[in-house]
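The block underneath contains the structure these notes are about, expressed in structure tokens.
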Amino acid sequence: MEVLNENENEMEVLNENDNEMEVLNENDNEMEVLNENDNEMEVLNENEKNLVNIFEQKQNFKKAREKATDGLVAQAKKMKLRSENQFPPLTVETTVKIPVPCIDRGKVDANNVLGVILSVTDDGFYKIGTKNGILSSLYARNQIFQCKEQFISSNDVPNIEIPLRTASTQNSLTGGQGFILCSCKTKCTTKRCKCKQQNILCSSKCHGSNMCSNK
């Protein structure tokens with residue numbers, strides 16, 4: 001009987017140990033849960049910091065853009081004021097010179113075309129007419145130059161619209177800018193000469209050093 005009692009006591013001790021182990025396991029599980037919660041909190045805190053950083057970056061970018069815009073507007077106002085001082089506004093019926101780009105004229109043609117201001121738009125652009133017609137493009141003030149004398153009036157302008165290149169070509173003595181070249185060997189005396197067909201003079205690019213009567 002004593003042996004049985006001892007065995008029962010041992011069993012009770014074992015049961016108590018098992019209970020303690022279960023409690024320890026539960027505590028371990030609770031600690032794991034707490035650790036996971038701590039990790040989640042750390043992740044949330046990092047996400048919040050990242051969101052704050054992103055928001056601050058956006059605000060900084062916005063301020064930088066606004067500052068850059070203000071700088072551009074101020075610079076544009078200064079440039080406009082400087083341009084107005086250097087190129088005062090012109091009135092209708094003023095004779096002006098319009099520079100012709102080198103690609104739109106021949107080498108011996110005039111550098112400018114004379115015109116007269118027909119109207120001025122609300123934006124400050126000028127509509128110009130020439131003796132050959134009305135130029136199809138509008139011109140800013142810094143693209144034209146005032147003449148001291150009155151060489152042409154609006155009454156001299158025909159009511160047709162032409163590009164600047166055409167106006168330059170019609171005033172040219174050599175046919176204006178073009179790619180007409182000849183390679184004649186007979187002094188360019190007949191209509192076989194490309195230049196003579198077009199009623200223009202031969203240029204230095206034609207027929208090398210051969211003799212020519214169409215110059």
Side-chain angles (χ1 to χ4, degrees), residues 61-182 188 193-206 212 214-215:
F61 289 152
K62 185 178 179 181
K63 291 179 181 178
R65 290 193 187 100
E66 291 175 352
K67 187 176 180 180
T69 301
D70 294 339
L72 289 174
V73 170
Q75 185 67 19
K77 289 180 179 178
K78 287 182 181 179
M79 293 176 64
K80 184 178 180 182
L81 182 61
R82 190 184 303 116
S83 177
E84 289 176 351
N85 292 334
Q86 187 176 359
F87 302 100
L90 300 176
T91 58
V92 175
E93 293 292 338
T94 301
T95 301
V96 293
K97 294 185 295 183
I98 307 102
V100 183
C102 60
I103 61 172
D104 291 330
R105 58 180 170 84
K107 289 186 177 181
V108 297
D109 294 338
N111 295 335
N112 305 291
V113 169
L114 287 178
V116 61
I117 296 177
L118 301 178
S119 62
V120 185
T121 67
D122 295 336
D123 298 329
F125 290 93
Y126 295 85
K127 191 71 174 177
I128 299 174
T130 68
K131 290 184 178 180
N132 306 108
I134 301 171
L135 298 182
S136 55
S137 301
L138 295 174
Y139 291 86
R141 177 61 186 87
N142 61 352
Q143 292 179 295
I144 57 179
F145 301 93
Q146 182 180 6
C147 295
K148 294 181 180 180
E149 303 293 336
Q150 187 78 18
F151 295 106
I152 180 175
S153 69
S154 58
N155 295 327
D156 300 324
V157 180
N159 191 23
I160 57 172
E161 196 169 85
I162 58 174
L164 180 62
R165 180 169 184 160
T166 300
S168 176
T169 300
Q170 291 178 356
N171 292 331
S172 173
L173 298 176
T174 59
Q177 174 66 292
F179 301 96
I180 299 175
L181 301 174
C182 72
C188 304
C193 174
K194 293 181 181 179
C195 298
K196 206 167 185 66
Q197 285 177 6
Q198 300 294 326
N199 294 321
I200 62 175
L201 299 177
C202 293
S203 67
S204 59
K205 294 183 179 180
C206 296
C212 177
N214 186 38
K215 285 188 176 180

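Below, all heavy atoms of this structure are taken into account, side chains as well, without hydrogens, waters or symmetry copies.
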Query - Among Ile128, Leu135, Leu164, side-chain contact (heavy atoms from CB on, under 4.5 Å) partner for Val113 - result: Leu164

Query - Backbone of Ser153 reached by a side-chain donor or acceptor of Asp156 within 3.5 Å - result: yes

Query raised in the report: Pick one: which of Thr130, Thr169, Ile134 meets side-chain contact (heavy atoms from CB on, under 4.5 Å) with Ile162?
Result: Thr130

Query raised in the report: With side chains defined as the heavy atoms from C-beta onward, is the minimum distance between Arg141 and Pro88 less than 4.5 Å?
Result: yes

Requested in this report: For Asn142, look at atom CG and say whether over 12 heavy atoms of other residues, nucleotides or ligands are found less than 6.0 Å away.
Outcome: yes

Requested in this report: Return yes if a side-chain donor-acceptor contact under 3.5 Å exists between Glu93 and Ser154, otherwise no.
Outcome: yes

Query raised in the report: Is there a side-chain contact between Ile144 and Lys97, using heavy atoms and a 4.5 Å cut-off?
Result: no

Query raised in the report: Tyr126 versus Pro89: any side-chain heavy-atom pair under 4.5 Å?
Result: yes

Query raised in the report: Within the distance-only criterion (no hydrogens, no angle test), does the side chain of Gln146 pair as donor or acceptor with the backbone N or O of Lys148 below 3.5 angstrom?
Result: no

Query raised in the report: Of all heavy-atom pairs between Leu114 and Cys147, which one has the smallest distance, and what is that distance?
Result: CD2-SG, 3.9 Å

Requested in this report: Using a 4.5 Å cut-off on heavy atoms from C-beta on, say whether the side chain of Leu138 contacts that of Thr121.
Outcome: yes

Report summary line: Gln143 and Pro99 have their tightest heavy-atom pair at O-CD, 3.2 Å

Report task. Locate the shortest heavy-atom distance separating Ile117 from Leu90; write the atom from each residue and the value. Result -> CD1-CB, 3.5 Å

Query raised in the report: In Å, rounded to the nearest 0.5 Å, how long is the span from OG1 of Thr166 to CG of Asn132?
Result: 9.0 Å

Report summary line: Of Cys193, Cys188, Cys195, the one forming a side-chain contact (heavy atoms from CB on, under 4.5 Å) with Cys212 is Cys188

Query - From Ile152 atom CD1 to Thr94 atom OG1, the distance as rounded to the nearest 0.5 Å - result: 12.5 Å

